[in-house]
Amino acid sequence: MRIEFKSNNTILYDVPDFNLDQTFSCGQCFRWNNISPDTYIGVAFGRVLKITQNDGKFIMHNTSVEDFNKIWNGYFDIPRNYGEIKKSLAIDSVMEKAIASGGGIRILRQDVWETIISFIISSSNNIPRIKKIITALCENFGEPLEEGLYSFPSPENLRGITEDDLAPIRAGYRAKYMVDAVNKVLSGDVDISSFDKLDTDSVRQELLKINGIGNKVADCILLFGLGRTDVFPVDVWINNTMCKLYPDRCTSLNNVRLVGRELFGNYCGIAQQYLFYYARENGGNI
DNA sequence: CCCCAGGTCAATT
DNA sequence: AATTGACATGGG
């Protein structure tokens, strides 16, 4: 890979195993939009980024090398060697096909607070509406940025919020869960600043204190907000897929999480993303 | 009018 | 410990 800074843009050449369409449409993030065939615009960590892909070349518009190093390099998980990981996950013909299909997915390292709220909203919901609710949340309670976009509201931005205050974003019964998350994080009852130092099971234990967070949502936060690739979030799609692929192993819904861990090891979270993408691409017919 | 959507909670067996 | 229905909302 090569990095170049030219006319206000940071340009990456020859980035392997990275595809924007796959990365942004595999259900891990909700704030990126396609604005032309090869270009997306989105917000992360209070920054707006416009990014264009042509094969292995990526143009990050109006982005300094400092911003790339400080934010986007980690956010897009650029340093990780996905080639080696994919080899270890190709345990059978279906996984080979899943990797061939979604092999350009990068596990985004998102803001933890943003993933907490986003995946609370995701419960029993569909992706277009999740995006709509999060957009409304940002427009109502975030801070204005460029291009008419808004930051994701911090816990401080949401201090004192009530269910009634959240009514305009149309989150339904999830609004009370969001209020609980704000209160527990602001009070320090759930200390999200300590998460990076804690092991995966301890973080999960903390996350489960928040109303509206169960095992699946906690696993998504661990994977997409903390980079814990050793968790295997199980939603309806993954559950159905795994039960078809490995019927003898998958008994209960909770046990599928462990089966994923056993089959795919420390990178089972990445395997989960390949499977999720592949299953959805094929309408569940795997 | 029906069903479903990246689930979770609380009540019940 | 496992099962079941409610929970808001919008789209097909």
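No experiment lies behind these values; they were computed from the predicted model shown. Residue numbering restarts at 1 for every chain, and letters A, B, ... go by the order of the sequence lines.
When distances are taken from the side chain of A:V217 to each of C:dG11, C:dA8, B:dG7, the shortest belongs to B:dG7. Out of B:dG6, C:dA8, C:dG10, the shortest distance to the side chain of A:R170 is found at C:dG10. Residue A:S123 has its side chain nearest to B:dG7 when only B:dG7, C:dG10, C:dA8 are considered. Of the candidates B:dT8, C:dG11, B:dG6, the closest approach to any side-chain atom of A:R280 belongs to B:dG6.
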Inset, instruction - Check step by step if ring-ring contact (aromatic ring centres under 6.0 Å, His included) holds for A:F30 and A:F224. - result: CA-CA 12 Å; A:F30 306 99; A:F224 306 130; 8.6 Å; no

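Atom OH in A:Y173 sits about 12 Å away from atom C1' in B:dC4, given to the nearest Å. If you measure from atom CD1 of A:I133 to atom P of C:dG11, you get 11 Å, rounded to the nearest angstrom.
With hydrogens and angles ignored, the 3.5 Å screen pairs no side-chain donor or acceptor of A:E143 with any backbone N or O of A:P153. A donor-acceptor pair under 3.5 Å is absent between the side-chain atoms of A:N54 and the main chain of A:K57, judged by distance alone.
A close approach under 4.0 Å does not occur between any side-chain nitrogen or oxygen of A:N126 and OP1 or OP2 of C:dG10. Side-chain nitrogen and oxygen atoms of A:R129 include none within less than 4.0 Å of the OP1 or OP2 phosphate oxygen of B:dA5. At C:dT9, none of the side-chain N or O atoms of A:K132 fall inside 4.0 Å of OP1 or OP2 (strictly under the cut-off).
No engagement by A:C29 is indicated, since no non-hydrogen atom pair under 4.0 Å with the nucleic acid exists.
Salt bridge A:D77/A:R80: present, at least one basic N to carboxylate O contact under 4.0 Å.
Going from the P atom of B:dG6 to that of C:dT3 covers 24 Å, rounded to whole Å.
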